[in-house]
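Residue indices begin at 1 and follow the sequence shown.
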Amino acid sequence: MLARILKVSCRGCSISCEAVLITALLHYLSDVTGVCLIASPAASAMDSTLAFCRHRFQICGYSGTVGPVSSSPFTRVPAWIPERLPFSIRVLLESAVRNCDGFLVKPSDVENILNWKQTQTQTVEVPFRPARVILQDFTGVPAVVDFAAMRDAVKELGGDPEKINPVCPADLVIDHSIQVDFNRKSDSLQRNQELEFERNRERFQFLKWGSRAFRNMRIIPPGSGIVHQVNLEYLARVVFQQDGFFYPDSLVGTDSHTTMIDGLGVLGWGVGGIEAEAVMLGQPISMVLPEVVGYKLCGLPDKLITSTDIVLTVTKHLRQVGVVGKFVEFFGPGVARLSIADRATIANMCPEYGATAAFFPVDAVSIQYLEQTGRDPEKLVYITAYLKAVGMFRDYTDTCQDPDYTQVVELDLGAVVPCCSGPKRPQDRVPVSDMKKDFESCLGAKQGFKGFQVAAEHHAAAVPFHFGGAEYTLGHGSVVIAAITSCTNTSNPSVMLGAGLLAKKAVRCGLSVKPYIKTSLSPGSGVVTYYLKESGVMDYLSQLGFEVVGYGCMTCIGNSGPLPEPVVEAITQGDLVAAGVLSGNRNFEGRVHPNTRANYLASPPLVIAYALAGTVRIDFEREPLAVTPEGREIYLRDIWPTREEIQAVERTFVIPSMFKEVYQKIEKVNESWNSLVAPADTLYSWDPKSTYIKSPPFFDSLSMELQPPRSILNAHVLLNLGDSVTTDHISPAGNIARTSAAARYLTSRGLSPREYNSYGSRRGNDAVMARGTFANIRLFNKFLNKQAPQTVHLPSGETMDVFDAAERYQQSGFPLLILAGKEYGSGSSRDWAAKGPFLLIFSLDRLSGPIELPSKLWTVSVFPGYQGRDSRELRADPPHTCHGDTAESLGLTGRERYTILIPEKLTPRMVLQVQLDDGKTFRVRMRFDTDVELTYFHNGGILNYMIRKMSLG
């Protein structure tokens, strides 16, 4: 295709045609698009190579001279770019052209992207270099730990440690540390933040060291907001301007919900911490060129519908369509009717419907949002001009702009009804009108995603208890947590103001929330609190118990804090299926709170509604929320605000000055952060007594020589898992249970239970994290035939914690593997979902001393259609059977011994044979999809590859 696109005529020199070809293409695109291709190192090098001569060239009829970029950057759109190329693919194309250096990004990569219509189904690998990286502190701390350890390793190999430094801009927002320890009081925010600093001072000092030691890294202090909302309202550039040239904003982040920024027209998605670190060091992401599903929105939503209802409907629909590993690009007249906050809500839950990205190209509404959030007016001018010039500005009402997609699916917004999702997965949408019936059906259903297997005679169980001097009763479906939380919804003024107006009407009707229900409000930024107060609804939220408890993810990521002891005792006594209702994006088992077995995602107004009702076993259409002393029945419809009411308040109180005032001081406003003292050395001084920050073992004994891969001989199975084992089941998260292996380790280091903190806060310590891997109480292991964070040590037949079993196997010299079903490793928290099993299977030591890492981690996944991309940080992505077999169809029990012979020469997607000790054999396909992945594997991982590269100079 490039031969057809670019015709170069070289006159008077003997420079290679490929160099001329690349340079001509770069200069041409610079000239006609305003993209500064010569600003990239590759282009600069080629430009200097050709400095002594001029080349006349013709590109699709365009004649010009290779030389300076046109002084008028906005001329015309390149005619050779297919007009019907999806907008998201155009972002990949621009990046490939701008970064084409003939090595990491080759002319053939540009050709493959240009030829997307044909190559999209051919498993073609392409590189992508995002403009920036974003991190949150749970995943950011281990990233900075790895960077610090990499500096040590480079020094050990004789290199310059200062070469380990972010090449592209990196922003780290501290939002995952704060917990809901205090609620319902006016001082809850202050007390939670004080406790956050008390627990995390050491981590925060380390991060502050990182912000000084590493160039190009910015830290947004705790108490500022949630990473994705701060990204949307403040960090997003939409278009980068560097040295007078322009290119599209794009990013990857160490959180799966990085996709929220797609709602603003900035292409981004979540990757694992290891992959993000490689991007920070200048490496492109290796990705399979994705199919793009066009999702057409039409119609007008009913006046009672919220953006949450829309996104839960979209999530279920796209789950049914099947979009794993694909881009979803939204189009149609319905998009024009959605605000950026609405679009961002839909994009935020992209991981829940399984796509890689959920892209809304920039349009006039996007520019209006940038204006509303206080962006510089001069920037809005060049953002608009640049995107129009390069064909990346969208008019959703113009069908002539509709691209060609791999597949088109459609949603009529007028068909969306109020809904929730649950009780265990975000894709299990339940219309609000069916909630009572659905929950009661789940009670008796077989244990599973929609079942709790409670005997029929116990469905009406009621357990009395005392709280605050009064007696109450809990039953199945009683709400014990009601949290307005998560950037999914708190970034959207319409649903937040809707919740406030509903609270106002509820209070004026004399309604209240039972005091034992743990209510909380954790805004995604200070702007939310600002407009809630200015509009006068904050006082009513407070009266219902929804006080501001912190600025962070909080309940959405399991930082819900403790429930009142009498409530826990009642739940335990009656073995009750208690409920949590939250405006979050994840409700997997064990995530929100150990004592809430049923968890429902809902809009902020519905969170308040269920808190007022005190149970999810209510039909809002037929049953009142309450009866006044005068005998008047108050229904939800009586207090639900209209769309017109919400929009009127939003127009008046959500204004640019609020955003400017909040974000102008965001990096300076936290006095506790400002007073932290951190070292300023190039190399970090590791404290051997620390239980938070520890030098990881991954680079110990690293040499410049590569080791050949080793076969797996007579391996035992550590865990026998079924389908849908997510990163929430694998990666350590939430509070550290007092009976866990991690707790025993911390106790041995002199800590008391109140000092354990959470797994997330200790992600910088591999000794804690290895012990917390597979410690989720909702993990279903077929060896036990029940939910428990345990397994069977097969040689002895003993049941024990997963860590203890793995340690015993290693002490005996037995290799290990894991049997898993489909969707293993889907979700976020992928860095420790990779590192944790790696340490369990290959390299444990009671004191977590120095270890020797083996060549690979094997997770044998036996089922049709496995999507291994979610686990690509593992030393080898899980292989899958070649013929769609399952563990059941192959007759695998997990008690067999497994041998997998690994040849020294490997190729992408190679087929290997697995032999069992009972004589059975079957074939599996390795999930090395590209040559780049094999290169990383032979080096022991991406970071090991980078260390060797940096050490060579």
For the student: nearest non-hydrogen atoms of M260 and A344, plus distance: CG-O, 3.5 Å
L93 side, atom CG; N112 side, atom CG - distance, nearest 0.5 Å: 11.5 Å
Aromatic ring proximity W269/F128, centre distance under 6.0 Å: yes
Donor-acceptor contact below 3.5 Å, side chain E111 vs main chain L114: no
T119 side chain vs Q122 backbone, donor-acceptor pair below 3.5 Å: no
NZ/NE/NH1/NH2 to OD/OE distance under 4.0 Å, D404 and R84: yes
Qualifying residues under salt bridge (charged side-chain N to carboxylate O under 4.0 Å, His left out), relative to R218, sequence neighbours excluded: D171, E667
Pairs where residues 297-306 contributes a residue and the test side-chain hydrogen bond (donor to acceptor under 3.5 Å, both in side chains) is met, not counting sequence neighbours: T306-D309
Could you tabulate the donor-acceptor pairs under 3.5 Å formed by side-chain atoms of residues 650-664, not counting sequence neighbours?
from, atom 1, to, atom 2, distance (Å)
T652, OG1, A648, O, 3.0
E661, OE1, Y530, OH, 2.9
Y663, OH, E233, OE1, 2.5

All salt bridge (charged side-chain N to carboxylate O under 4.0 Å, His left out) counterparts of R375, not counting sequence neighbours: none
Selection residues 340-353 - residue pairs positive for side-chain hydrogen bond (donor to acceptor under 3.5 Å, both in side chains), sequence neighbours left out: H257-E352, S339-D342, D342-N492, R343-D363, N348-T488, N348-N585, E352-R586
D249 side-chain N/O to V266 backbone N/O, donor-acceptor pair under 3.5 Å: no
Qualifying residues under side-chain contact (heavy atoms from CB on, under 4.5 Å), relative to N587, sequence neighbours excluded: P426, N599, L601
